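First comes the structure, then the notes that go with it.
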Protein chains: 2
Amino acid sequence: MEKQTVTIYDVAREAHVSMATVSRVVNGNNNVREKTRNKVLSVIQKLNYHPNAVARGLASKKTTTVGVIIPDVSNVYFAELARGIDDIAAMYSYNIILANSDGNQDKELKVFNNLMSKQVDGIVFMGKDVTPQLRTAFQHANVPLVLAGTISKQQIEPSVNIDYHGAIAEAVTSLVRSGCHEIGLVCGSLDYSINADYRLTGFKAGLAANQLTFDDNYVYQTDESYRSGYQLAPKLIDQGLKSVIVSDDELAAGILNGLTDAGVSVPNDFQILTGNDTKLTEIVRPQLSSIVQPLYDIGAVSMRLLTKFMDRDNVAQINVVLPHRIVNRDSTK
Amino acid sequence: MEKQTVTIYDVAREAHVSMATVSRVVNGNNNVREKTRNKVLSVIQKLNYHPNAVARGLASKKTTTVGVIIPDVSNVYFAELARGIDDIAAMYSYNIILANSDGNQDKELKVFNNLMSKQVDGIVFMGKDVTPQLRTAFQHANVPLVLAGTISKQQIEPSVNIDYHGAIAEAVTSLVRSGCHEIGLVCGSLDYSINADYRLTGFKAGLAANQLTFDDNYVYQTDESYRSGYQLAPKLIDQGLKSVIVSDDELAAGILNGLTDAGVSVPNDFQILTGNDTKLTEIVRPQLSSIVQPLYDIGAVSMRLLTKFMDRDNVAQINVVLPHRIVNRDSTK
DNA sequence: CTGAAAGCGCTAACAT
DNA sequence: ATGTTAGCGCTTTCAG
């Protein structure tokens, strides 16, 4: 015997009111007499009625769910953003449909379209960059979107980030203050705007501010994985470097361990300053000095911003920059 | 000018066929003449028609989305399961609505009901345990559910796990083989079945198999966080223990670092064997020996199992046990 | 192989 | 304050 779903109509009949009235009490509309409301409420309870969100979505054209595109949930950095996103989403009674993209444009496009067909009310996008194709898709969509922890050079889409340029420049200065002049930058591909237009320029600016000359050989493009870092470690010393600024914590952990295993003492012989301040920084030994980013908040603020767009609220600044700072733990002097 | 949504009706009119026919071609129904199909297809392209999944869900009573209840996405262990779940979901054209519960029953219940109202086609549940209240809710639901990396004593719900009991027993033997006889167990609350009925009993069985006597003082209940591990470390040595088996990797990392910072040499003076084999085990130094679990696969197989239930396929074994093994890295002798 | 028509369960004018 | 009535966009019998 299949369980018969109880609908708003059943409640209406049983409570001797119209569907509209039931709908009103369910949706907290005040235009219902106290007595009527109570009667309806009791019938709802008695019948164990639960509104069907799909029907509601079709009728109202709002699904109270937002799409979240993420490169990889199992990546600590993105996972922390995701947690911030979901918490605020829940706070505003939204659900999130999470879709992994591997930071790969084809998948990003595919899941984006899929999310649109599911009629999500908004999108939070995390990725390496916003490709022109993706931008076109975003613009043709009629729902708001915000980039979380994701840079696009043009700053067309609303976004929440930290000042990557400034942070890296400060990182350089911090290293210089510790007496180090041979500083390298290790990050992801320079094909991505965040690396080419923010991190690299910040690196150069930091060098210049400290009267240091920039050397192309001191910047390394990697895939930001632990393994890549581990393998890169020996090359760093061969190159005569005395320190590196690293974009990603897993990558930095790989460099750290690679160095340590090669007999190089961190921070005495080599310093490392990493970029995300995930929980990894405190778990490795020595603990990693880091650019501190409010990861959870980046996610949370992104979602909050999205709710404003979905509510058609005014928003003064669509490109939010959250504060950062540098914390010196044990991988720097 | 608001963008006008193009509906199946528009396509039908433009292609001079009925909505039913359009529906057929969109859904790959074979009862359509080649020529008709092509005509419809070209109109779909021309009008840039995208089926509305919400309307489809209402009419067909299938949403092709599944709910995923997770304690915390930013926890490495669960995040890896989640990745496995989403990959297989995507493979079978499902989306996942991810909901964090903090492993807290009230939230679990709340998000579960919320997910049901969204008419998900199935649920993957991750948690500490299945409380009676939760079980009741599960049973009143009319969609399939599977537990991923989650034990409930009664084994009523379909699930995929490893043999926690056996794994811990083997861990004991492994430690004994290395010459250690003072072995402790550090895990989450014994209020949870997985700890009380699987890990603890496995621990006792392992002890017995090695002619060792069980001592209540050697089992520690914690909240499985890095910090708790770090704080617990000194007590472990005071207690005269020479090794511990730990349920969670972050917890184990805390113990490891706490010990190291207290001047205790791992593995020489103290051995640690952890339980989840997340990427943390290779990042800490010394690297953590571990019970190896196929985390991604636990998620993937859970989702695959769920698809079978949703398709009403026969499934021979509803409680799947995936293989595990012990790997000795550098925190054991 | 194709079409007509009846809903799916709910919201949202519009009346009253 | 409450009821009536159209849909929302699609699937699904049921005919033919």
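Predicted model, so just to flag it, every value in this text is computed and none were measured. Quick note: numbers below take in every heavy atom, side chains included, and nothing from hydrogens, waters or symmetry partners. Chain letters run A, B, ... following the sequence lines, proteins first, then strands; residues in each count from 1.
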Tell me whether the side-chain N/O atoms of [X] come closer than 4.0 Å to OP1 or OP2 in [N].
| X | N | answer |
| --- | --- | --- |
| B:Thr5 | D:dG9 | yes |
| A:Lys61 | D:dG7 | no |
| A:Ser60 | D:dC8 | no |
| A:Ser23 | C:dC10 | no |
| A:Tyr9 | C:dG7 | no |
| B:Lys62 | D:dT11 | no |

From [atom1] of [X] over to [atom2] of [N], roughly how many Å is that when rounded to an integer?
| X | N | atom1 | atom2 | result |
| --- | --- | --- | --- | --- |
| B:Lys35 | C:dT2 | NZ | C1' | 14 Å |
| B:Arg37 | C:dC1 | CZ | P | 9 Å |
| B:Lys39 | C:dC1 | NZ | P | 15 Å |
| A:Ile44 | C:dC10 | CD1 | C1' | 13 Å |
| B:Arg56 | C:dG9 | CZ | P | 19 Å |
| B:Asp10 | D:dC10 | CG | C1' | 13 Å |
| B:Asn29 | D:dT13 | CG | P | 12 Å |
| A:Gln119 | D:dC8 | CD | C1' | 10 Å |

Salt bridge check: are [X] and [Y] linked by an N-O gap of less than 4.0 Å?
| X | Y | result |
| --- | --- | --- |
| A:Glu14 | A:Lys39 | no |
| B:Lys110 | B:Asp106 | no |
| A:Asp102 | B:Arg83 | yes |
| A:Lys308 | A:Asp311 | no |

Checking all strands, does A:Asn52 fall into the base, sugar-phosphate, or nothing category for heavy-atom contacts under 4.0 angstrom?
-> sugar-phosphate

A:Thr21 near the nucleic acid: base, sugar-phosphate alone, or nothing, with a heavy-atom cut-off under 4.0 Å?
-> sugar-phosphate

Of the candidate nucleotides [options], which contains the atom at the shortest distance from the side chain of [X]?
| X | options | value |
| --- | --- | --- |
| A:Arg33 | D:dA1, C:dG9, C:dC1 | D:dA1 |
| A:Ser18 | D:dT11, D:dT2, C:dA4 | D:dT2 |
| B:Ile8 | C:dC8, D:dC10, D:dC8 | D:dC10 |
| A:Val17 | C:dG3, D:dA1, D:dG3 | D:dG3 |
| B:Arg24 | C:dC10, D:dT11, C:dG3 | C:dG3 |
| B:Leu58 | C:dT11, C:dC8, C:dC10 | C:dC8 |
| B:Ala59 | C:dT11, C:dC10, C:dC8 | C:dC8 |
| A:Ala20 | D:dG3, C:dT2, D:dC10 | D:dG3 |

Looking at the rings of A:Phe112 and A:Phe138, which for Trp means the six-membered one, are their centres under 6.0 Å apart?
-> yes

Residue pair A:Asn30/B:Ala55 against DNA chain D: nearer the 5' end by closest nucleotide is A:Asn30

Between A:Thr7 and B:His16, which is nearer to the 5' end of DNA chain C once each is assigned its nearest nucleotide?
-> B:His16

Relative to the 5' end of DNA chain C, which residue comes earlier, A:Val22 or B:Asn31, by the nucleotide with the nearest heavy atom?
-> B:Asn31

With a cut-off of 6.0 Å (strictly less than), are more than 12 heavy atoms of other residues, nucleotides or ligands near CD of B:Gln317?
-> yes

Are the side chains of A:Val124 and A:Ile69 in touch, meaning some heavy atoms are under 4.5 Å apart?
-> no

